Undergrad: 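Below you will find the structure I want to go over with you.
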Amino acid sequence: MPVSNTEIAMLFDRLADLLEMEDANPFRVRAYRNAARSIGDYSSSMADLLAQHKDLSTLPGIGKDLAEKIRTIVETGKLPLLEEVEAHTPAALSELMKIEGLGPKRVKALYQQLHITSAEDLERAARSGKLRELKGFGKKIEEKILLRLEHFSGLEKRIRLLDAEVIVKPLLAWLQQTRGVKEVRVAGSFRRRRETVGDLDILVTASRGSEVMDRFVRYDQVKEVISSGKTRSSVILRTGLHVDLRVVTQASQGAALCYFTGSKAHNIAIRKIAVSKGYKINEYGVFKNDRRIAGKTEQDVYRQVGLAYIEPELRENRGEIEAARKNALPELVRLEDIRGDLHCHTRATDGHNSLEEMATAARARGYEYLAISDHSRHLTVAHGLDRKGLLSEIRQIDRLNEKLDDIVILKAIEVDILEDGTLDLPDSLLGQLDLVVAAVHYKFNLPRRKQTERIIRAMDNPCFNILAHPTGRLINERAAYEVDLEKIMTAAKERGCFLEVNAQPARLDLTDSDCKLAKDTGVKVAISSDAHSIGNLDYMRFGVDQARRGWLEADDILNTRKEDELRKLLQRH
DNA sequence: GCCGTTTTCGGCCCGACTGTTTTCAGTCG
């Protein structure tokens, strides 16, 4: 299997950790970290780019040296410089740096003076009171390290956006009730609508002397207070989620919101622009010679550095700044642009509600159409429909459509793509439907080329319209199957097919960068809830968020179309 | 190690909190 971008990024990140311990030039260290991030985020794999003879040094943060190192990694799986460094600085030290409170300097001291290379070594030394004797350490640090070690697994765990929403809601209500508090907002990756969040950044606008900090650390879900100051506090909740709270005054609100929304890479890029114009940006505003010239709103901050306003979902330093400078930012799709849902289930297979209940719920959301796409027979665990079952559902939908006059129920199916690329029901039957959603539900482990061929062969069938959850991944549960998405997107465009952004919070498949790839390829996508109950229809907003992160506009989305336009697009040529 | 609307050399984002210090280094975001 070719070396993945994630693996390359991990090697560079580890190299950065170890170099930091060796007191390497901090800017060189940063260059490796930037490269790791840039590569990890990139939508095409480095291996593919090299196979196509692309010049990697044109990628942001990648110069001649790093391009060559990437080539070596792809060709040999190894990074010689890292191996050289590991000869005198064990790779395991990079793991220790993940423990909160331990950075390069302290880890280096631990290694050089106490020969500690693992979490186990560290725990032993802390228990026997040896840590406090080191210079720069003390009793408190020793205690904290022991506390952190209890829950340290070495893996950073990010939780799904929906789970974060559930956790943050009561906390916001709790903070909102504090005297002197004007506004409470969640910033960070939560506001950028990333599919997972590692921690929560909450920004409170309050008058001076507000008690909000006291109240924050007294919240009954707080397990541990990490730090607590006048403007900034940090806690860990019982769920294990890390929450940072910052308090600012109204005059700084916009600058603070920018600052704490990030991403870090975006902020750094913005601040560099400010510096080149003779300004300084921090969380309190934009300053010229210590005089604040902007900061009340985010719009002010961007305007001051000569940029159009950038939506939070785009703030990843993936080209949005250049686009803002040229006034060429996309006009991102909004939830209100969505006219219907093209993938949902009923009780006929594994859904929880009846056809009529789903229709009523969709109408209540203002939709013009709803496609009922139950499973096909191969998916036995979901009681997939056979010929008879589907015909019965078609008749029921016809009858229901006669009764409804303000929403149209589209006849659809989520048909299995079989191993050989054929569809699970005969064309004569699929031809009677308004649209066909097709999906891979088994044989996830085919080699990349075979999986790609399987899906493209399925698209050759003129009944095929939309490829559901194109990579099959489940966030934090199951990796995507090996597939060449770029090839699939090109094939879909050529054949008049579409890809789905499945809006289930655990799927969000396509990913944000895949959405961008779809846009660049010119293939349109459907944002679909894949609802298995009436409540699930609201997952649509997560799909819209993901699409926005992928730069998609209303025009890039199939289900922003009116019914007649939608039907035209579903006609294969 | 990267990068260029002053630059191919000399810069590289900025502040808060903690603990161990007696004025600041380390870490974090």
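Just so you know, these numbers use all the heavy atoms, side chains as well, and skip hydrogens, waters and symmetry mates. Keep in mind that this is a model prediction, so the values were computed, not measured. Every chain is numbered from 1, with letters handed out A, B, ... down the list of sequences.
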Undergrad: Nearest whole angstrom, please: distance from the P of B:dA16 to the CG of A:Leu203.
TA: 14 Å
Undergrad: For nucleotides 20-29 of chain B, just jot down a letter per nucleotide in 5' to 3' order: B, S or -, based on protein non-hydrogen atoms under 4.0 Å.
TA: S-----SSBB
Undergrad: Under a 3.5 Å limit for both distances, which nucleotide forms a Watson-Crick or G-U wobble pair with B:dA16, could you say?
TA: B:dT27
Undergrad: Determine the contact category for A:Lys108: base if any of its heavy atoms lies under 4.0 Å from a base atom, sugar-phosphate if only primed atoms, P, OP1 or OP2 are that close, otherwise nothing.
TA: nothing
Undergrad: Under 3.5 Å, is there a donor-acceptor pair between the side chain of A:Glu142 and the main chain of A:Leu131?
TA: yes
Undergrad: Please report the distance, rounded to the nearest Å, between CG in A:Asn267 and P in B:dC12.
TA: 18 Å
Undergrad: I need the CG-C1' distance between A:Leu56 and B:dC2, as an integer number of Å.
TA: 15 Å
Undergrad: Between B:dG15, B:dT18, B:dC2, which nucleotide has the shortest distance from any of its atoms to the side chain of A:Ala31?
TA: B:dC2
Undergrad: Suppose you measure atom P in B:dG15 against the same atom in B:dG10; what distance do you get, rounded to whole Å?
TA: 26 Å
Undergrad: Under 4.0 Å, heavy atoms only, any strand: does A:Ile281 hit a base, just the sugar-phosphate, or nothing?
TA: sugar-phosphate
Undergrad: Distance check, P atoms only: B:dT20 and B:dT27, in whole angstrom units.
TA: 13 Å
Undergrad: Listing request: all ring pair (Phe, Tyr, Trp, His ring centres under 6.0 Å) pairs with a residue in residues 61-118 of chain A, at least two apart in sequence or in separate chains.
TA: none
Undergrad: When rounded to the nearest 0.5 angstrom, what distance separates CZ in A:Arg246 from CZ in A:Phe216?
TA: 10.0 Å
Undergrad: So what does A:Lys69 touch, heavy atoms closer than 4.0 Å: a base, only the sugar-phosphate, or nothing?
TA: sugar-phosphate
Undergrad: What integer distance in Å separates A:Tyr284:OH from B:dG15:P?
TA: 9 Å
Undergrad: Check the phosphate of B:dG19 against A:Lys144, side-chain N and O only, distance under 4.0 Å to OP1 or OP2. Yes or no?
TA: yes
Undergrad: Is the shortest distance from a Lys or Arg side-chain nitrogen in A:Arg191 or A:Glu313 to a carboxylate oxygen in the other one below 4.0 Å?
TA: no
Undergrad: From the set B:dT18, B:dC12, B:dC2, return the single nucleotide nearest to any side-chain atom of A:Ser227.
TA: B:dT18
Undergrad: Does the distance from a Lys or Arg side-chain N to an Asp or Glu carboxylate O, for A:Glu95 and A:Lys98, drop under 4.0 Å?
TA: yes
Undergrad: Please confirm whether A:Arg14 makes a cation-pi placement over A:Phe12, using NZ or CZ under 6.0 Å from the six-membered ring centre and within 45° of the ring normal.
TA: no
Undergrad: Expressed as a whole number of angstroms, how long is the span from A:Lys64:NZ to B:dC2:C1'?
TA: 14 Å
Undergrad: Pick the P atom in B:dG1 and in B:dT6, then give their distance to the nearest Å.
TA: 28 Å
Undergrad: If I pick the C1' atom on B:dC12 and the same atom on B:dC17, what distance separates them, to the nearest angstrom?
TA: 25 Å
Undergrad: Can you tell me if A:Arg448 has over 12 outside heavy atoms packed within less than 6.0 Å of its CZ?
TA: yes
Undergrad: When you measure from the side chain of A:Thr231, which nucleotide among B:dC17, B:dG1, B:dC14 comes out closest?
TA: B:dC17
Undergrad: Any base atoms under 4.0 Å from A:Ser234, or only sugar-phosphate, or nothing? Heavy atoms, all strands.
TA: nothing
Undergrad: Starting at CD1 of A:Ile273 and ending at P of B:dT6, how long is that distance when rounded to a whole Å?
TA: 13 Å
Undergrad: Please measure how far the P atom in B:dG29 lies from the corresponding atom in B:dT22, and state the result in whole Å.
TA: 27 Å
Undergrad: Under 6.0 Å from the six-membered ring centre of A:Trp551 and within 45° of its axis: does the NZ or CZ of A:Lys516 meet both?
TA: yes
Undergrad: Would you say the side chain of A:Asn34 and the base of B:dG1 hold a donor-acceptor pair, judged only by whether the two atoms sit under 3.5 Å apart?
TA: no
Undergrad: Using a heavy-atom cut-off of 4.0 Å across all strands, would you classify A:Val29 as base, sugar-phosphate, or nothing?
TA: nothing
Undergrad: For the C1' atoms, the ones on B:dT18 and on B:dT23, what distance do you get once it is rounded to whole angstrom?
TA: 15 Å
Undergrad: Roughly, in whole Å, what's the span from OH in A:Tyr32 to P in B:dC3?
TA: 13 Å
Undergrad: Is there a side-chain contact between A:Leu314 and A:Leu332 in this structure, where contact means two heavy atoms from C-beta onward sitting under 4.5 Å apart?
TA: yes
Undergrad: Rounded to whole Å, please give me the gap between CZ in A:Arg30 and C1' in B:dG11.
TA: 11 Å
